[in-house]
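As structure tokens, the structure follows; a few thoughts come after it.
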Amino acid sequence: MKKQYTLLFVLNLCFCIIYLMGFKWEYQFPDAQQYGGPFVLSFVPIFLFYLIFYGCFSYVKTKKIIIPNCLLLFLLIPFFLCWTFIRPQESKVLWLSYLPKCLVASFISFIVSSIFGLIAKSIYFLRKNK
């Protein structure tokens with residue numbers, strides 16, 4: 001079981017690091033700061049796809065829903081906080097004001113991923129009982 005959680009942790013960590021590096025690289029260019037670049041514009045659709053994939057994949061690997069999604073939750077909170085530090089136009093002193101937004105975004109991600117984990121569980125249950 002430890003191997004599955006390690007795999008999920010590495011998967012989450014790779015996703016977060018790739019996007020944080022992309023955001024940092026992108027904010028170096030003035031046009032990207034003003035209009036957004038490919039990482040900022042592609043984040044929402046790719047993140048939703050990742051949540052769907054993670055919810056299904058985590059259930060298939062561990063046969064649990066809550067524990068893998070809690071792992072996702074506790075990795076997304078620092079991810080969103082780091083994203084606020086990367087943004088150059090924001091003051092570094094006000095990062096605590098972003099904490100509630102980061103928590104809400106992380107909990108919404110947790111809920112979406114858990115829902116797709118439940119969908120994967122129901123599909124698994126229906127196929128098993130067929």
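Just so we're clear, the structure is a prediction, and the values are computed from it rather than from any experiment. Start at 1 with the first residue, then count along the sequence.
Each of Val60 and Tyr5 belongs to its own hydrophobic cluster when Ile, Leu, Val, Met, Phe, Trp and Tyr are linked at side-chain heavy-atom distances under 4.5 angstrom. A continuous path of Ile, Leu, Val, Met, Phe, Trp and Tyr side chains, each step under 4.5 Å between heavy atoms, connects Phe53 with Leu13, placing both in one hydrophobic cluster. Taking hydrophobic clusters as Ile, Leu, Val, Met, Phe, Trp and Tyr residues chained together by side-chain heavy-atom distances below 4.5 Å, Ile18 does not share a cluster with Tyr54.
Just one of Leu71, Leu8, Ile67 meets the side-chain contact (heavy atoms from CB on, under 4.5 Å) condition when paired with Thr62; it is Leu8.
Separating the CD1 atom in Ile111 from the CG atom in Leu73 is a distance of 9.5 Å, to the nearest 0.5 Å. The CZ atom of Phe9 sits 13.0 Å away from the CZ atom of Phe74 when rounded to the nearest 0.5 Å.
With hydrogens and angles ignored, the 3.5 Å screen pairs no side-chain donor or acceptor of Tyr124 with any backbone N or O of Lys63. Checking side-chain atoms of Ser113 against main-chain N and O of Ser109 turns up no donor-acceptor pair under 3.5 Å.
Here the shortest heavy-atom pairing between Ile65 and Ser114 reads CG2-O, 4.0 Å. For Lys61 against Gln4, the heavy-atom pair with the smallest separation is O-CG, 3.4 Å. Between Phe80 and Ser106, the shortest heavy-atom contact is CD1-OG, 3.5 Å. Between Cys56 and Ala120, the shortest heavy-atom distance links the atoms CA-CB, 3.9 Å.
Inter-residue side-chain proximity for Asn12 and Phe79 is flagged as unmet; no heavy-atom pair is nearer than 4.5 Å. Side-chain contact between Phe47 and Leu76 is present, with at least one heavy-atom pair separated by less than 4.5 Å. In this structure the side chain of Ile119 never reaches within 4.5 angstrom of the side chain of Tyr59, judged on heavy atoms. For the pair Phe15 and Leu72, the minimum side-chain heavy-atom distance is 4.5 Å or more.
Side chain to side chain, Ser42 and Tyr19 meet the donor-acceptor criterion of an N or O pair below 3.5 Å.
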Task: Derivation and outcome, side-chain contact (heavy atoms from CB on, under 4.5 Å), residues Phe116 and Leu51 - done: CA-CA 8 Å; Phe116 282 99; Leu51 291 177; over 6 Å; no

